[in-house]
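Down below is the structure, laid out as structure tokens.
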Amino acid sequence: MTSTQQQSQTAEEIEQYDVIIIGAGVTGLYALWRLRQLGFSAHSFEEGSGVGGTWFWNRYPGCRFDSESYTYGYSFSEELLQEWDWKEHYSGQPENERYLNYVADKFDLRRDIRLNSRVMSAVFDENENCWEVVMEDGNRARGQFLVTSVGILSAGYVPEFEGKDSFKGVSCHTGRWPQEGVDLAGKRVGVIGTGASGVQLITEIAKEVSHLTVFQRTANFCAPLRNSPIEDETQREIKESFPEIFKKCLETPGSFVHEFDPRSAMSVTPEERLEQYERLWQKSGFAKWLSNFYDVMMPGEANEDYAEFFRNKIRERVNDPVVAEMLVPKTHMFGSKRLPCESGYYEVFNQDNVLLVDVREAPIERITPAGIKTKDAEYDLDVIVFATGFDAVTGSLNRVYIRGEGGQTLKDKFANGPRTYMGVQSAGFPNLFTINQASVGNFVRAAEPLVDWVTEAMAYVRDNEYSLISASPQAEEEWTQHVADAGAKILRSQADSWFVGANIPGKARGLLTAPDTAPVMRAKRDEVAANGYEGFLLQ
Ligand code: N01
């Protein structure tokens, strides 16, 4: 902050709101709308130059939904549901960004959003019982409540490769793709990382680069997305079925439209099992795992049986058997990492101009001015893309200096992993709702009920003439223990991935989101609210 800016905003001029929202992505936009409905004055401060969060920043080639588009959009407005036409079953980033801009305009949200306003700090004022945020440009604002709609996957991670800044070509992270794009046509491009972002990007850019080198550390289980345009008749059917679509999503563990087969894979004959695997393989999107035998997504025999089916599918698609074996995942259980959906990913490795490099075998030693040097070889490149993921959940919170009661910072408190009550609050940080902690699965389906709950909690505080709500230390302790105990048993805790913070060197290992299914989480939150916000201190 410059001294001029500090002087230019006197105490009287600091903007005051009931609620300050950090971020204008999917949850921030909805929180703003919802808070207005409840009669609060709310304002969102957004780092980007546009709204959309994830769908603003992740504009890398190939970026798209792998949830069905019509299950991902907001459900709160029937008018919006009827007037917006999703063009594809799995919509791409440009369309998704357009959608969120359309929502911002339709509901006149922009008047309460300040773009290009990165929040640097949020400090709780114990005398005034309110939060004060300071933006990068030095401007300040105060609010009784603070909502961090900062996303679970928004703090990009680039490994500390030696010589990272020495590269003379162009380099960028998938999650911060330049708005003006990156010219890749005819270029020698290296991509580090083969998670969901890398898989989408690699497939798309292989069509235009002169040479592509893929640096893979861990092979993934990837399955065909089978995207297609939405025909008019289907569009009409979808629009008539929204109540059923959303009802179904609310019933399933991850808020997706797919429902598990209640049979065990091992309870049917091998022929029946294979018939089901093949039938689901032909379906689009996540049906291949979320409509499968229920125990395919649990550690054990069924999981390994389906993993082997997957491995053989990969072997069938890659011509060179040596390359095929490099692409076949062998070190983690099926479903223990997020499964990327793809549209021709494996066939890319049949192209003459594409090279797969195993960097577990021969690790990257350094980035050089000319490219990448591994233990075994040097690769000359014009462009390096870091598809190396995110410092998930806590990373985006830690980018803001958040200080609560008694001078304690959230970063210090979370140093050994998040300590929250139901993912929404941390003791000692009154009126701060960290809503990026609680939702996982089909994002918008999980986020809408979460935002509803959080905003209703604020209304409860106001309507009952309290001024503060904060998680009790005991409720927090019990919840944190529950996350540790229940979280350790579930499939997505078993591999080294962002789900448990294992992708970031030095980060404490532990499940970063709730271990419960979406319906269980909603029921728990509803019970807490019905019992007068049990586990929270109100004053
Ligand atoms: O990140 P990731 P992502 N040297 O962490 C590798 C969502 N998403 O951006 O597996 C070499 O999954 C790392 O290797 P390894 C989705 O929830 C959704 O791809 O750790 N390699 C891995 O291959 C997803 O789960 C969509 O051994 C290194 C890659 O980088 C989440 O975002 C699309 C390395 C990182 O994969 C994150 O996906 C895209 C190193 N030092 C993303 N460090 C939709 O479709 C890391 N890697 C909606």
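Order of appearance sets the numbers: ligands from 1, and atoms from 1 within every ligand.
Interface atoms of ligand 1 facing Arg360, defined by a heavy-atom separation under 4.0 Å, are 27 (O). Listed by number with element, the atoms of ligand 1 under 4.0 angstrom from any heavy atom of Ile192 are 11 (C), 21 (N). Of all atoms in ligand 1, listed by their number and element, those nearer than 4.0 Å to a heavy atom of Phe390 are 9 (O).
By the 4.0 Å heavy-atom criterion, Thr388 is counted among the residues contacting ligand 1. A heavy-atom separation below 4.0 Å is not found between Gln216 and ligand 1. Phe161 counts as a contact of ligand 1, since one of its heavy atoms falls under 4.0 Å from the ligand.
For atom 2 (P) of ligand 1, the nearest non-hydrogen atom from the set Cys341, Gly389, Ala495, Gly193 belongs to Gly389. Of the candidates Gly195, Cys63, Pro329, Gly195 brings a heavy atom nearest to atom 36 (O) of ligand 1. Among Arg217, Gln200, Lys337, the residue whose heavy atom sits closest to atom 46 (C) of ligand 1 is Arg217. Closest to atom 35 (C) of ligand 1 by heavy atom, among Pro159, Ala387, Pro363, Pro340, is Ala387.
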Q: Start with the C-alpha gap between Tyr102 and Glu83, add the side-chain angles, then the distance that decides, and say whether side chain to side chain donor-acceptor pair (under 3.5 Å) holds.
A: CA-CA 11 Å; Tyr102 183 83; Glu83 66 193 23; 2.7 Å; yes
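For Phe76 and Trp33, the distance between ring centers is under 6.0 angstrom. Ring centroid separation for the pair Phe221 and His332 comes in under the 6.0 Å cut-off. Between Phe286 and Phe256, the ring center distance clears the sub-6.0 Å criterion. Between Phe310 and Trp281, the ring center distance clears the sub-6.0 Å criterion.
If you run side-chain contact (heavy atoms from CB on, under 4.5 Å) between Ile192 and each of Thr213, Ile372, Val385, only Ile372 comes through.
For atom 44 (C) of ligand 1, the closest heavy atom belonging to the protein is Arg64 O, 3.4 Å. Counting protein heavy atoms only, atom 26 (C) of ligand 1 is closest to Arg338 NH2, 3.9 Å. Scanning the protein for heavy atoms near atom 8 (N) of ligand 1, the closest one is Ala196 CB, 4.0 Å. At the top of the distance list for atom 19 (O) of ligand 1, counting protein heavy atoms only, stands Ser197 N, 2.9 Å. The nearest heavy-atom contact from the protein to atom 23 (O) of ligand 1 is Thr194 N, 2.9 Å. Protein heavy atom closest to atom 7 (C) of ligand 1, with residue, atom name and distance, is Leu153 CD1, 3.7 Å. Atom 15 (P) of ligand 1 has Thr218 OG1, 3.4 Å as its closest protein atom, hydrogens excluded (heavy atom only).
Here's the thing with Tyr60: none of its N/O atoms is less than 3.5 angstrom from an N/O atom of ligand 1. Checked against a 3.5 angstrom limit, the closest N/O atoms of Trp498 and ligand 1 fall inside it. Residue Asp496 places no N or O, backbone or side chain, under 3.5 Å from any N or O of ligand 1. No N or O atom of Asn503 sits closer than 3.5 Å to an N or O atom of ligand 1.
For the atom pair His258 NE2 and Asn442 CG, the distance stands at 8.5 Å (nearest 0.5 Å). One finds the CD1 atom of Ile238 at 12.5 Å from the CD atom of Glu244 (value rounded to the nearest 0.5 Å). For the atom pair CD (Glu378) and OG1 (Thr374), the distance works out to 8.5 Å, reported to the nearest 0.5 Å.
Taking the charged nitrogens against the carboxylate oxygens, Asp66 and Arg338 do have a contact shorter than 4.0 Å, which makes a salt bridge. No salt bridge links Lys283 with Glu278; every basic N to acidic carboxylate O contact stays at or beyond 4.0 Å. Ionic pairing of Arg315 and Glu308 is present here: one or more N-O contacts between side-chain nitrogen and carboxylate oxygen are shorter than 4.0 angstrom.
Of the possible donor and acceptor atoms, one in the side chain of Arg64 sits under 3.5 Å from a partner among the backbone N and O of Tyr90.
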